[in-house]
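Heads up, the thing below is written out as structure tokens.
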Protein chains: 2
Amino acid sequence: MGLAKTEMFTDEQNKIALFAKAFGHPARVSILQHLFKIDSCVCGDLVNEIGLAQPTISQHLKELKHLGLIKGNVEGTSVCYCIDKENWTAMKALMNQFLDQDVSLNNDCC
Amino acid sequence: MGLAKTEMFTDEQNKIALFAKAFGHPARVSILQHLFKIDSCVCGDLVNEIGLAQPTISQHLKELKHLGLIKGNVEGTSVCYCIDKENWTAMKALMNQFLDQDVSLNNDCC
DNA sequence: CTTATTAATCGTAATATTGCAATGTACTAA
DNA sequence: TTAGTACATTGCAATATTACGATTAATAAG
């Protein structure tokens, strides 16, 4: 089917899945890492940095923007993208809550 | 195409993407949360806990096992699944490295 | 206005994912 | 052996994702 049955899960679970899906492609991981590294806005450099075609990068950027993880500003003919820090921090908190479930207390049963 | 061009990305980026993809479905998030909550092994309870059919759960478990995030032991007619703590910790370190990129130093350019 | 540049959008092909019915396998119990 | 239980596998349909060529939209420069 390819259609996730989101209605049977909690909002939190669905939210975690949505963010995780955004990181589920190396191109988007790469884009985000680059935006962090540059520590300022990047425009079409991403197309050169990463080896994918311009429409492909544009599509990945659109997804990240839709999730609120990045912001984009038009600047002349080019567009300036950067991390949305506030939303990134909120996302990080949610992911850490999931990743940091208590591992130490488990008894080794398997 | 639906085919990620993994060869143009670093091993780290691809690894992050693979783990993230595993969390990119609420059912798998739910399965993992349940395994943590139970704090011991779980067998077929997952089918009842989550509202999906048995083959579907089995498939999600297979993916998580393939990634090394969970372990499964046969126990009589049932199978006992639990978190692979060592691999989970390693995965967590990798993800945190990605999530914890320095946000504070950025200048607000967008 | 014309042309160049940059990025978004459209359309489409190739591939991946999700979900489940049907079936298979392995073990247990009677 | 037979029947039952628990889980895995297979096969398939529906949908999603990825990638890119072609095109469009918007701005800038001449």
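Residue numbering restarts at 1 for every chain, and letters A, B, ... go by the order of the sequence lines. Hydrogens, waters and symmetry mates are skipped; everything else that's a heavy atom, side chains included, is used.
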Checklist entry - What is the ring orientation for His60(B) with His25(B), classed by angle as parallel under 30°, tilted 30 to 60°, or perpendicular over 60°? => result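 Aromatic pair His60(B)/His25(B) classed tilted.
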Item to check | Ser78(A) vs dT6(C): side-chain N/O to OP1/OP2 distance below 4.0 Å | outcome: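 It does not, given that no N or O in the side chain of Ser78(A) lies less than 4.0 Å from OP1 or OP2 of dT6(C).
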Checklist entry - Does OP1 or OP2 of dA6(D) have a side-chain N or O of Tyr81(B) closer than 4.0 Å? => result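 Negative; the distance criterion is not met.
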To the nearest Å, give me how far apart [atom1] ([X]) and [atom2] ([N]) are.
{"X": "Ile57(A)", "N": "dT9(C)", "atom1": "CD1", "atom2": "C1'", "result": "16 Å"}
{"X": "Asn48(B)", "N": "dC7(D)", "atom1": "CG", "atom2": "C1'", "result": "13 Å"}
{"X": "His66(A)", "N": "dT17(D)", "atom1": "NE2", "atom2": "C1'", "result": "15 Å"}
{"X": "Asp45(A)", "N": "dT6(C)", "atom1": "CG", "atom2": "C1'", "result": "12 Å"}
{"X": "Glu63(A)", "N": "dT17(D)", "atom1": "CD", "atom2": "P", "result": "7 Å"}
{"X": "Ile50(A)", "N": "dA7(C)", "atom1": "CD1", "atom2": "P", "result": "13 Å"}
{"X": "Asn73(A)", "N": "dA8(C)", "atom1": "CG", "atom2": "C1'", "result": "16 Å"}
{"X": "Lys62(B)", "N": "dT17(C)", "atom1": "NZ", "atom2": "P", "result": "13 Å"}

Atom of [X], atom of [Y] and distance for their closest heavy-atom approach:
{"X": "Ala22(B)", "Y": "Leu64(B)", "value": "CB-CD2, 4.3 Å"}
{"X": "Gly51(B)", "Y": "Met8(A)", "value": "O-CE, 3.7 Å"}
{"X": "Leu61(B)", "Y": "Ile70(B)", "value": "O-CD1, 3.5 Å"}

Checklist entry - Do Gln33(A) and Gln13(B) meet the criterion of a side-chain donor-acceptor pair at a distance under 3.5 Å? => result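 Indeed, the side chains of Gln33(A) and Gln13(B) share at least one donor-acceptor pair under 3.5 Å.
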Item to check | Check: Asp84(A) side chain, Leu69(A) main-chain N or O, donor-acceptor pair, under 3.5 Å | outcome: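 Side chain of Asp84(A) to backbone of Leu69(A): no pair is present.
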Checklist entry - Would you say the side-chain atoms of Gln101(B) pair up with the backbone N or O of Phe98(B), donor to acceptor, closer than 3.5 Å? => result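 Side chain of Gln101(B) to backbone of Phe98(B), a donor-acceptor pair under 3.5 Å: yes, one is there.
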Next on the checklist: Treating primed atoms plus P, OP1 and OP2 as sugar-phosphate and everything else as base, which nucleotides of nucleotides 19-30 of chain C get B, S or - for protein heavy atoms under 4.0 Å?
Outcome noted: BBBB----BS--
Checklist entry - In this structure, are over 12 heavy atoms from other groups packed under 6.0 Å from Asn48(B) atom CG? => result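 Yes, the 6.0 Å shell around CG holds more than 12 heavy atoms from other groups.
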Item to check | Centroid separation Trp88(B) to Phe36(B) less than 6.0 Å | outcome: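 That pair passes the under 6.0 Å test.
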Next on the checklist: Just to be sure I understand the geometry, which residues of residues 14-22 of chain A put a non-hydrogen atom under 4.0 Å away from DNA chain C?
Outcome noted: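 Nucleic-acid contacts, sorted: none.
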